[in-house]
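Worksheet for the structure shown next.
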Amino acid sequence: MSHDHSLNPETMPHEPEKATLEGKNKFLGFWFFLGGETVLFACLFGTYLALRNSTAGGPTTNDLFGLELVFIMTILLLTSSLTSVYAMYHMKNNNFKKMQLWLGVTAVLGFAFLGCELYEFNHYIHEYEFTFRSSAFGSAFYTLVGFHGGHVTFGLLWLLALMIRNAKRGLNLYNAPKFYVFSLYWHFIDVVWVFIFTVVYLMGKVG
Amino acid sequence: MSIAATQKRGFGAVLWDYLTTVDHKKIAHLYLFGGGFFFILGGLEAMIIRIQLVRPENDFVSAGLYNEILTMHGTTMIFLAAMPLLLGLMNAVMPLQIGARDVAFPFLNSLGFWLFLFGGLILNCSWLLGGAPDAGWTSYAPLSTTSPGHGVDFYVLGLQISGAGTLIGGINFLVTIINMRAPGMTYMRMPLFSWTTFITSVLILFAFPALTIGLFLLMFDRLFGSAFFNVALGGNTIIWEHLFWIFGHPEVYILILPAFGLFSDIFSTFAKKRLFGYTAMVFATILIAFLGFMVWAHHMFTVGLGPVANSIFAIATMAIAVPTGIKIFNWLATLWGGSITINSAMLWALGFIPTFTLGGMTGVMVASVVADYQYHDTYFVVAHFHYVIVGGTVFGILAGLHYWWPKMFGRILNEKLGKIAFWIFFTGFHLTFFIQHFLGLMGMPRRYWVFLKDQGLDTGNLISTIGAFLMAIGVIIFFYNVVYTAVKGEKVPDDPWDGRTLEWATSSPPAHYNFKQTPLVRGLDPLWVEKTEGKGKMTPAEPLGDIHMPNGSILPFIMSFGLFIAGFGFIYQVNYTWAYIPLFVGMGILLGCMLIRSLKDDHGYHITKEELEREAD
Amino acid sequence: MAENTNSNEVNPYQKHKNKLEMQKQLITFALMILFTIIAFVIVATGMMQKMFVIPVLLILAVIQVAFQFYYFMHMKEKGHDMPSLMMYAGIMAALLIIAGLVVITWW
Amino acid sequence: MKGWMGRFRAFFLLGSLALVLSACGKDNLTALVPKGYGAESSMDLIIISTVVMLFVFAVVMLIYVAVLLRYRKKKGQEDFIPKQVEGNKTLETIWTVIPIILLIIIAVPTVTATFDLADNSGSKDGLNIQVTGNQYWWHFNYEGQEIQTSQDLYVPVGEKIYLSMKSSDVHHSFWVPSISGKMDVLPENENKMYIEAYEEGVYWGKCTELCGPSHSLMDFKVIVVSQEEFDQWVKDMKNVNPDTQPQDAVAQEGKSLFQQNNCMSCHAIGSSPTQIGPNLTNFGDRSKIAGILDPTKENLVKWIVDPESIKPGNKMTGNYPEVSEKEAGKIAEYLMQLKPSEVTPESAGN
Ligand code: HEA
Ligand code: HEA
Ligand code: CUA
Ligand SMILES: [Cu+2]
C-alpha cells in the first residue's frame, strides 16, 4: 500500500481529508490544537483588556485607531476565508486546478492583509511614537495584534509550501488532509480577527 | 529493522535507535530516564534545602544561592521530574491498554520528548552560566522581571520549550485514545489509567497555553523591554499571578489524575476485584478536571481580590473534595471483600490512601479563606503540597513503576528491596512533612533562607531534615533496585500479576507493533473477561495481515536542538549582538526541519504477514 | 487501513450536495460581511449609546464566529462531536480566563 | 459564636498541646495562640476545619484498617476469586452527600469571616496607617499625624487600626501571626486591612512573599501599648526636633559623621518622608536593628560597617562612603541616643 493514494473521479471518497486513519488523526488533532489556541488567545485578550487603559500618558485607543484601514483589513481577511472555502469545495469535487487557484487567491488576500498591518504598525510608531515599549497598553496591543499577525505569516508560509510541493502531483489521500487542516487554521485566524476588530478597534473607538 | 530489534547490537546502534525512535514504548524509556535524572537532581536540591534548614541561622548556602536552589527544586520536580515520569508511564502503557498498535502521532510524540529534554537542559545550563532562576517556581513579577543576571531568562525559555513538548504530547494522547481504540473498547470500557490519561491530556491542552502566554509576557518584559509588569508604565503584576495560576492549578491535577488512574488499576488487580463504582470514578475524574479550571485564585487569597472573589473561589475549591472523596471511598470499597495481595506496588498504593487523604484535607483547610490568611506562604502550605504531590504523584509513579516494570522490561523489580525502600521512604516522608504543618502555624514562612534563633522552630526543622535523609536513603535503595534488576533481575512471564487489562495480554516487553492482531474487547477488564468466560486469552478482531508502521526520524531531535540553540540566542541578544547568530541559526534549523518534514512524504513501512508468521510465537 | 475507494457511484449526487453546501457558504459570507458593516457603522456614526454599543458589538462578533465555526469549518456536520466538545471546553476556559483577568485584576 | 467557640478553643488547644509536645511555638509569633481579632477569626476556622478533618480521617482510617485486617489474601485460599461487585447506589450516595454537608459546615463560617475581615468601613474615624514594604524593611506613616517610623509599628490595644499597604518595589506580604493573618503588599494597588490586638506586648511580624535574598530577614515588630501610652508616644514623636545636639561629645561627633557620610540622603530623622532607607527618629528605642539584630552597639557597628554580611542584597550596601569601625562606633553612639519617647518596646512588656 505504499503506492500513493492518487485521486481520480472514480476513487474520490466523500471526505478525502478523513479517508485514511492518518487523515482522521490529523483532522482531530488539529481541531484540538485550535481548542488550545482558543485559550492562548483568550489569555492575550484578557491581558489586553486589563491593560488597555494603562497608557502611561501616551496615546489612547481613541487617539490611535482609525476605522477605515481596519475595515479594509477585515474585508480582506473575511474574503480570504471565503476563498479558502471555495478551495475546499473544489477539493471535494476533486478539481485540483481550481483548488490551487482559490488557494492562490487566499494567499494574495492574506499578503494584502499583512501589508496593511505592517503599514498600520509603522504608522503608529512614526506618527504617534507609540511602540511596544512605550506603555503597558502598547505592549499589550502589539503583542495581541502581533500574535495574530504572526499566525497569518506562518499560515501564508505554510500555504505556499503546500501549494508548491503539491503543484505537480495533484490531489491524493496523503495530502488532502493537509490542505483541509490548513483551511481550518485559516478560518481560525479569521475568527480571532473578528474578536480583534471588535474588542481592540471598535471597542477602543467607543471608549 | 523489525526482526533485528531483539538481537544484540552495538552501543552506537542502540543510541541511534533511541535518538530516532518513534516507538511509544522506547519514548517511554526515554521519558523515564530523563525524568529519573531530573528527579535525582531535584532531590539533591531538596536535600540542600533541608541541610540549610537543619539549624537556625545556618550558613551552608548563601542567601542568593538558597533562592536559586529552592526555585530549581520546585521547577525541576514539577516540570522535569513528575510530569515526564507520568508521561513516560502513559506512553508505556496507555496504547497497550486500549489495544492500539501505536499512538496517533508517533513523530510528534518523539518531538514532545526531545523538547522536554532540551528545555530541561537549557534550564539547568543556568547553573553554569551565572546563576539559576531565583524568583521561586512561581516567578512572581516584578521580582522575576527585575531579577539580575539571566537566571529567570533560563526559566522562561526552558519552560517554554519543554511546555511546548508537553502540549504536543497531550494532543497526541487525546487523538490516540479517540481514534485508535481496539474494536469493542468503548469509552466506558477503558481502564482508569487510560481514562485519566485522556482527562489529563485535556487539562494539558487547556492549561498550558496560559503558561505559554505568561512566559511570553515575562520574556518580552525581560528581553525586549515591554511593560506588562512594569508598574511605572502602567503594567500590572497581578496579571502574571493570574496567568500562572490559571495554568498552575490545573497543573497540580495534571500531576495527580494519572496517579489516581494507576492506583485504580493497581487496587483492582491486587484485590482481584473489579473497580468499585467504575462509572462514578470516571465522572469524578471529569468533575475534578472541570472544577480544576475555576479555582485558580485560591493561590491568591491574600492578594486582596476582595471578599466576593475570595468566597467564590473558596467554595469552588472545597467542592473538589467531593469527587476526590468519591474516589477515595470507591478505592476502599474495591478493596473491601477482595483478596488482597500486598507487594511493593501495592504497598505504595496502600501508603497513598492515608497520606493523600491527609494532604487533601489540609487542602480543604487552606481553601478556607480566612484560615488561609494564616497558612498562606508558610510551611503549612509546603506540608500540604508535599503530602499531595509526594504522597500522591511520587507514590503513584513508584507504584506504577513496580507494577509495570515487568511489562516494560520483562523483569520484575526485587520485592524485598522494594519493600525496604517503601518503608524507609514512607517513614522519612511523614517525619519530614508532618511537622511542617506546625512549623507553619508557629510562624515559619516558606522560602526562608534562614530561620532565626529563639523562635521555637529549631526542633521541628531538625526532625524535618532527619526525615529528608531517610527519604534520600529510600530513593537510593529504589535506584539500587533498578540497577540490580537490570543486571540480575528475575525474568517473568507476560502476565505476572494475573492482570485484568489489555496490556497484560501482550508479551513482556511487547513487540514493537504491540499486537500481532488487534484484540477484540468484550467488556470492562477485557483480559479478565476472557479469563473467566473465554479461552483465557484475547480473541483477535482481525485476520493476521500486514502491519503499517511509522519510520523513525532524527528530525525531532534536531528540531529540539535548534530551539535549544535559539534559546541561548534569545537570552544573550540582550548583551551581545553576536547572539543573533545562534538565535537565527537555531530558528533556521527548526524551520528547516519543519519544511523537510512537510515536503518529504513519509508513508512509513509495512511488516508483512509473512514476516509476522515467521516470528515465532 | 481504511481505503475508502469504492464510492464512485455517489459522486454525481455528492457533487450536487457540495454545490448546495457552497451556496449556503455564500449566504453565510454575505451575512458576515453584513454584520461587519453594521458593527463598523454603529461605531463610526456613534449612533448608539455607549452602554449598548459594547454588548451589541460582542453579540455581532459571536454570531459571526458561530458562522465561521458551523459553516466554514463544518462544525455542524457529523463527525464533529469531539471537535465541538473540545472547542466548547476551550471557549469555556477562555471565558473564565477573560472574566478573571478583566474583573479581578484591578480592584 | 464567641462564647462556645472560646471554651471549645481552650479545650482544643489543650488537646493539641498534648499532641504536639513542643507546645505551640514562640509566644507572640505563633498563630496558634491568637491575640488579635484577625488571628482569632482564623483560629476559629482552623479549629472547625480541623475537627471536621479529624472526623473524615477517622472514618477513612477505620475502613482502611478494617480492609487490611480482613481482606488480605489468606493462606490456602490462593485461588479464591472475590465477588466482582459493580457498585452500590446507596453507598455511593452516602459518600457524596455527607462530604457536601461537611463542606457546608466549613464554607458558611468561611464566607462570613471573609466578609467580616474585609469590612473597612470604620477607617473614616479610626487610626489609619500607611504601610510601605521595601526590600527589606518596613515603613509606617501615621496618616494625619506627621509621624514616620520604620520597623516598629506602635498601635494602641483593643482598637481597630486601618492599614493601607503598598510596596515600593516587589511584592511583600505583611504578617503578624499572633494578631492577624497576612495581606500582600503590592506595587500597583493599595491593599487595605485592619488589625486589632487584644493584649499589650511586642509581636513579631514577618514578610511572607519571596522578595529577594533577604526575604527571610525582613522582620518587623508590632508594639501594642495602652491608649494612654500611645497618646504619649504620639506626642513625643511629634515633638522631635531633628536638629537637637546630643549631649556627649562622642555622639556629637557621630552626628556630624552621620551627616558627612551621606547617611541623610536616605535616612530621615524627624517626620520628613524620605523613604530610601528606614526613618531613624526613634532608632534608640528599636527592639531590633534592621529588624533582626539585638540592639547592641557592636551589632550596630557591624551593620554600619558591613550591612551585606547581615542582610544579603540590602539596598544600603555600597551606596555610602566606606565607614571605619571607629567612625561607625561614634555614629552608633549617636543613633542609639535617639530616644524621643518613654514609651518603648520594653515598656510595652514582653
Ligand atoms: C498533586 C498536587 C495537588 C493536589 C492534588 C492538590 C489538591 C488540593 N489543593 Fe493544593 N496545592 C498544590 C498541589 C496540589 N493540591 C501545590 C503544589 C500548592 C502550592 C503551590 C505554591 O504556592 O507553590 C498547593 C496550594 C494549595 C492552595 C493555596 C495555599 C496557599 O498558597 O495559601 C490551596 C487553597 O485552597 C489548595 C487547595 C487544595 C484542595 C482543596 C485540593 C483538593 O483537590 C483536595 C481534595 C482531597 C481531599 C479533600 C481528600 C479526600 C476526600 C475525602 C476523604 C472526602 C471527604 C473530605 C471532606 C469532606 C473534606 N492547594
Ligand atoms: C513533584 C514535586 C516535588 C517533590 C517530589 C518534592 C520533594 C521534596 N521536597 Fe519539595 N517542593 C516542591 C515540589 C516537590 N518537592 C515545590 C513546587 C516547592 C516550592 C518551591 C518554591 O517555593 O518555589 C517545594 C519546596 C520545598 C521546600 C520549601 C523550601 C522553602 O520554602 O524554603 C522544602 C523544604 O523542606 C522541600 C523539601 C522536599 C523534600 C525533602 C523532598 C523529598 O521528597 C525529595 C526526595 C528525593 C530525594 C531525597 C532524592 C534522593 C536522591 C539522591 C540523594 C541521589 C542519589 C544518587 C543516585 C541514586 C545516583 N521542598
Ligand atoms: Cu519582603 Cu519577603
Ligand atoms: Cu491550586
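Predicted, not measured: the structure shown is a model, and the values here were computed from it. The figures that follow rest on heavy atoms only: side chains count, while hydrogens, waters and symmetry mates do not.
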*asked:* Main chain of B:A227, side chain of A:S139: is a donor-acceptor contact present, judged purely on distance under 3.5 Å?
replied: yes

_Using 0.5 Å steps for rounding, measure from the CD1 atom of B:I178 to the CG atom of A:N25._
10.0 Å

*Mind checking the CG-CG spacing from A:L51 to B:N236? Nearest 0.5 Å is all I need.*
6.5 Å

*asked:* So for A:T131, is it side chain, backbone, both, or neither that comes closer than 4.5 Å to the heavy atoms of chain B?
replied: neither

_Given heavy-atom pairs under 4.5 angstrom as the criterion, report whether the side chain, backbone, both or neither of B:L595 touches chain A._
side chain

_B:D601 portion near chain A, given a 4.5 angstrom heavy-atom threshold_ = both

*Give, as side chain, backbone, both or neither, the part of B:L217 having an atom under 4.5 angstrom from any heavy atom of chain A.*
side chain

_Which portion of A:F27 sits near chain B, non-hydrogen atoms under 4.5 angstrom_ = neither

*Which bit of B:L599 comes within less than 4.5 Å of chain A, counting heavy atoms only: side chain, backbone, both or neither?*
both

_Please classify the contact between A:T143 and chain B as side chain, backbone, both or neither, with a heavy-atom cut-off of under 4.5 Å._
side chain

*Looking at CG of B:L243 and OG1 of A:T47, how far apart are the two atoms once the value is rounded to the nearest 0.5 Å?*
5.0 Å

*Roughly how far, to the nearest 0.5 Å, is the CZ atom of A:F132 from the CZ atom of B:F220?*
5.0 Å

